[in-house]
Number of protein chains: 2
Amino acid sequence: MAGLNQVQRQTGVALWRQIADRIRDAISAGAYDETGMVPPETVLALQFGVNRHTVRSALAALAQEGIVRAVQGRGTLIERKERLNFPITRRTRFTAGIGAQAREMRGLLLDHAEERADADVARWLRLKSGTAVIRLETLRLADKRPVSCATTWFPADRFAGIDEVYRKTESITKAFAELGLPDYVRATTEITAAHADSHDIGTLELTPGAILLIAKAMNTDLDGVPVQYSISRFAADRVQFTIEH
Amino acid sequence: MAGLNQVQRQTGVALWRQIADRIRDAISAGAYDETGMVPPETVLALQFGVNRHTVRSALAALAQEGIVRAVQGRGTLIERKERLNFPITRRTRFTAGIGAQAREMRGLLLDHAEERADADVARWLRLKSGTAVIRLETLRLADKRPVSCATTWFPADRFAGIDEVYRKTESITKAFAELGLPDYVRATTEITAAHADSHDIGTLELTPGAILLIAKAMNTDLDGVPVQYSISRFAADRVQFTIEH
DNA sequence: TTTAAATGTCTATTGATATAGACAACCATA
DNA sequence: TATGGTTGTCTATATCAATAGACATTTAAA
């Protein structure tokens with residue numbers, strides 16, 4: 001019974017945005033799969049206890065996101081409802097993990113730099129603070145739709161030129177292979193959630209108030225030596241994580 | 001450099017709430033640990049590019065949550081900044097996992113019922129749809145502060161009376177032990193994030209727009225037979241998950 | 001073709017949000 | 001005790017968010 005969720009006033013979050021978030025979640029959960037349509041505006045207004053115009057503002061926002069499309073005389077059609085599953089295992093691979101669920105996977109290199117490890121990066125990569133590291137800023141897309149953006153650090157001495165190789169292969173796994181590391185494993189993953197900041201709202205094509213799932217991950221080679229530390233920021237309404245034990 | 005995050009207008013999220021969310025995240029990240037205080041209102045107003053009164057609204061909201069306390073003439077002191085770490089492993093235990101990080105752990109039974117498994121519950125517990133299951137609604141607190149609320153299902157035939165045992169022991173692990181299951185393991189965990197609905201806002205003492213980390217988990221006995229399926233909703237600003245592989 | 005049901009558009013009004021400026025009250029310290 | 005820096009309070013104004021009602025337009029089905 002998605003839709004009975006009441007909505008709260010005077011909280012700094014406009015009613016139309018709360019309603020848009022609820023409807024988006026309901027669509028993702030498959031609440032309207034039978035009809036492929038959102039309930040009529042008057043029905044939603046009744047369910048949420050608001051004016052029809054307020055519901056219209058919410059639906060306009062969802063239409064702007066490309067999630068629904070209103071057709072006069074018929075109703076409001078659902079255009080998109082996917083949520084990708086991202087398995088987190090000892091052999092976590094981004095492209096392979098998402099691969100079967102999308103026709104086209106891409107990994108774009110937005111920026112890169114060689115820099116000195118700060119305390120956090122040094123701790124995760126088990127290096128001395130100040131050691132040279134390579135930082136990549138990447139954006140991953142599934143069927144041309146942004147899924148996550150990530151900041152990734154590598155030890156500079158071992159993986160010199162990985163920026164260029166990643167730009168070419170669009171895959172960390174393939175880049176490692178070309179640089180002489182045929183296999184690696186996931187050692188640790190930390191998961192948190194937060195509101196998207198303005199930068200990620202831009203790159204991931206989100207709306208303010210949108211949620212990010214944030215995964216801090218560290219991969220090692222087969223000897224247990226850290227090879228990669230990354231902070232990935234996923235659009236929470238487009239993915240879920242699965243951990244199999 | 002937390003604080004340079006710009007803030008967006010006309011998005012349905014009031015500026016004061018966006019700013020409150022940013023400051024809350026910055027406090028959690030330890031941005032103001034040196035002074036133990038939030039920067040002066042005039043400084044924050046300059047950083048966010050808004051009027052000082054708007055910043056005051058944001059700080060008032062954080063004070064309402066008990067995160068900061070304003071002292072006239074001195075500044076705005078940080079009262080709380082903890083984020084509990086919740087390890088997810090094959091031997092995930094809630095109370096033991098959080099235990100060391102809080103002085104007092106409690107698990108309150110809010111509601112319980114015996115009912116018939118719907119399709120989702122039946123699939124996770126590998127039962128026939130319609131089989132009798134026991135459902136518990138629980139609230140977990142660390143040092144009297146709500147951390148998560150959960151809906152949990154058990155096969156009714158095997159764990160009759162678990163509601164009463166849980167109310168007494170306040171722990172799933174102990175309840176299992178009393179009912180003849182000394183050990184169990186975590187089989188699968190699915191993690192998503194969503195906005196809190198009005199019910200969870202109430203029970204977890206959140207503010208609207210707040211984020212939930214949602215973990216769907218299934219535990220089995222040592223023979224691999226499902227014993228428990230749960231949907232836990234964590235206040236995202238109070239916890240993080242860690243997965244060690 | 002008529003009708004019912006749905007979205008689209010317009011006007012008007014009220015309350016919440018945000019800005020602006022001025023000044024009071026309080027605290028630490030030079 | 002005097003000063004600078006901080007939070008607290010007040011008034012005023014403009015814009016956004018939400019409600020209310022009326023009616024137009026489009027679609028599908030009776």
Side-chain angles (χ1 to χ4, degrees), chain A residues 3 5-23 32 34-64 66-79 198 207-209, chain B residues 3 5-23 32 34-64 66-79 198 207-209:
Chain A
N5 298 326
Q6 274 303 357
V7 100
Q8 304 206 345
R9 288 153 198 269
Q10 299 174 24
T11 59
V13 183
L15 294 181
W16 64 264
R17 174 140 294 287
Q18 295 183 54
I19 291 168
D21 292 337
R22 292 286 151 75
I23 295 175
Y32 309 129
E34 290 187 13
T35 59
M37 294 173 67
V38 167
E41 294 168 352
T42 49
V43 173
L44 289 171
L46 205 65
Q47 283 182 348
F48 286 110
V50 300
N51 192 274
R52 179 178 155 233
H53 294 291
T54 309
V55 169
R56 284 179 57 75
S57 298
L59 292 175
L62 294 177
Q64 184 66 29
I67 293 178
V68 300
R69 178 170 53 90
V71 179
Q72 190 169 1
R74 291 181 59 196
T76 303
L77 282 60
I78 294 169
E79 296 274 89
S198 59
T207 53
Chain B
N5 298 328
Q6 273 305 356
V7 102
Q8 306 206 345
R9 288 153 198 271
Q10 298 174 20
T11 60
V13 183
L15 293 181
W16 64 264
R17 173 140 295 286
Q18 294 184 53
I19 291 168
D21 292 338
R22 291 286 152 75
I23 295 175
Y32 310 128
E34 290 187 11
T35 58
M37 295 174 67
V38 167
E41 294 168 354
T42 49
V43 174
L44 289 171
L46 204 64
Q47 284 182 349
F48 286 109
V50 301
N51 191 275
R52 180 179 154 231
H53 294 292
T54 308
V55 169
R56 284 179 59 74
S57 298
L59 292 174
L62 294 177
Q64 184 66 30
I67 292 178
V68 300
R69 179 169 53 89
V71 179
Q72 191 170 2
R74 290 181 60 196
T76 302
L77 282 59
I78 294 169
E79 295 274 271
S198 59
T207 52

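Convention: sequence-line order gives letters A, B, ...; per-chain numbering from 1. Source: prediction; values computed, not measured. These numbers come from the heavy atoms of this one structure, side chains and all, not from hydrogens, waters or symmetry mates.
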*Asks:* By nearest atom, which of the nucleotides C/dG8, D/dA20, C/dT19 is closest to the A/N51 side chain?
*Replies:*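 Out of C/dG8, D/dA20, C/dT19, the nucleotide with an atom closest to A/N51's side chain is D/dA20.
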*Asks:* In sequence, state the C-alpha distance, the side-chain angles, and the governing distance for B/T54 and B/N51, and then conclude on side chain to side chain contact (heavy atoms under 4.5 Å, CB included).
*Replies:* CA-CA 5 Å; B/T54 308; B/N51 191 275; 3.9 Å; yes
*Asks:* Is it the case that the base of D/dG21 and the side chain of A/H53 share a donor-acceptor contact (distance under 3.5 Å, atom types as modelled)?
*Replies:*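 Donor-acceptor pair under 3.5 Å: yes.
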*Asks:* Starting at atom CG of B/L77, determine the distance to atom C1' of C/dC27, rounded to an integer number of angstrom.
*Replies:*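 Whole-Å distance recorded here is 12 Å.
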*Asks:* I need the minimum non-hydrogen distance between B/R17 and B/A61, along with the two atoms involved.
*Replies:*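 Answer, listing the atom of B/R17 first, then B/A61: NH2-CB, 4.3 Å.
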*Asks:* Rounding to 10°, can you tell me the angle the first-five-pair axis of the helix from C/dT1-D/dA30 to C/dA30-D/dT1 makes with its last-five-pair axis?
*Replies:*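 Inter-axis angle at the ends, rounded: 30°.
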*Asks:* I need the A/I67 CD1 to A/L77 CG distance, nearest 0.5 Å.
*Replies:*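 A/I67 CD1 to A/L77 CG: 14.0 Å, rounded to 0.5 Å.
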*Asks:* Using side chain to side chain contact (heavy atoms under 4.5 Å, CB included) as the criterion, point out the one residue from A/V71, A/I23, A/L59, A/V55 that pairs with A/T76.
*Replies:*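 Of the listed options, the one satisfying the test is A/L59.
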*Asks:* Does A/R52 get its side chain close enough to the base of D/dG21, under 3.5 Å, for a donor-acceptor pair?
*Replies:*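 There is none.
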*Asks:* From the set D/dT19, C/dA6, C/dA18, return the single nucleotide nearest to any side-chain atom of B/L15.
*Replies:*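 In terms of side-chain proximity for B/L15, the closest of D/dT19, C/dA6, C/dA18 is C/dA18.
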*Asks:* Check A/M37 against A/Y32 and note the closest heavy-atom contact, atom names and distance.
*Replies:*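 Heavy atoms only, the tightest pair is O-CB, 3.3 Å.
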*Asks:* I'd like to know whether CD of A/E79 has more than 12 heavy-atom contacts from other residues, nucleotides or ligands below 6.0 angstrom.
*Replies:*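 Yes, enclosed.
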*Asks:* Rounded to the Å, how far apart are A/L46 CG and C/dA6 C1'?
*Replies:*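 Answer to the nearest Å: 16 Å.
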*Asks:* Starting at CG of A/L46, measure out to CZ of A/R52 and round the result to the nearest 0.5 Å.
*Replies:*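 Between A/L46 CG and A/R52 CZ, I get 13.5 Å after rounding to 0.5 Å.
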*Asks:* What nucleotide, of D/dA17, D/dT19, C/dT7, holds the atom closest to the side chain of A/E41?
*Replies:*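 For the A/E41 side chain, the nearest candidate turns out to be C/dT7.
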*Asks:* Measure the CD-CZ distance between A/Q18 and A/F48 for me, rounded to the nearest 0.5 Å.
*Replies:*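 Here the interatomic distance stands at 9.5 Å.
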*Asks:* For C/dA18, take OP1 and OP2 only and decide whether either is under 4.0 Å from a side-chain N or O of B/S57.
*Replies:*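 No, B/S57 has no side-chain N/O under 4.0 Å of OP1/OP2 on C/dA18.
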*Asks:* Between C1' on C/dT7 and CG on A/L62, what's the gap in Å once rounded to a whole number?
*Replies:*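 Going from CG in A/L62 over to C1' in C/dT7 covers 16 Å.
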*Asks:* Whole Å only: how far is the CZ atom of B/F48 from the P atom of C/dT17?
*Replies:*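 Distance, rounded to whole Å: 18 Å.
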*Asks:* Distance check: side-chain N/O of B/T54 vs OP1/OP2 of C/dT17, anything under 4.0 Å?
*Replies:*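 It does not, given that no N or O in the side chain of B/T54 lies less than 4.0 Å from OP1 or OP2 of C/dT17.
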*Asks:* Roughly how many Å is it from CG in A/L44 to P in C/dT7, rounded to a whole number?
*Replies:*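 The answer, rounded to whole Å, is 8 Å.
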*Asks:* Identify whether any heavy atom of B/T42 sits under 4.0 Å from a base atom; if not, whether one sits that close to sugar-phosphate; answer base, sugar-phosphate or nothing.
*Replies:*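 If one applies the 4.0 Å heavy-atom cut-off, B/T42 turns out to touch nothing in the nucleic acid.
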*Asks:* Of the non-hydrogen atoms in B/A58 and B/W16, which two are nearest, and what is the gap between them?
*Replies:*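 That would be CB-O, 3.2 Å.
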*Asks:* For DNA chain C, determine which residues of residues 67-74 of chain A have any heavy atom closer than 4.0 angstrom to one of its atoms, and list them numerically.
*Replies:*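 A/A70, A/V71, A/Q72, A/G73, A/R74 - these, ordered by number, are the residues of the stretch whose heavy atoms sit under 4.0 Å from the strand.
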*Asks:* How many Å lie between CH2 on B/W16 and C1' on C/dA18, as a whole number?
*Replies:*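 It works out to 13 Å between those atoms.
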*Asks:* Do B/L44 and B/I19 pass the side chain to side chain contact (heavy atoms under 4.5 Å, CB included) test, and can you show the C-alpha distance, the side-chain angles, and the key distance before you say yes or no?
*Replies:* CA-CA 9 Å; B/L44 289 171; B/I19 291 168; over 6 Å; no
*Asks:* Can you tell me the distance, in whole Å, between the CZ atom of B/R56 and the P atom of C/dA16?
*Replies:*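 Atom-to-atom, B/R56 to C/dA16, this comes out as 19 Å.
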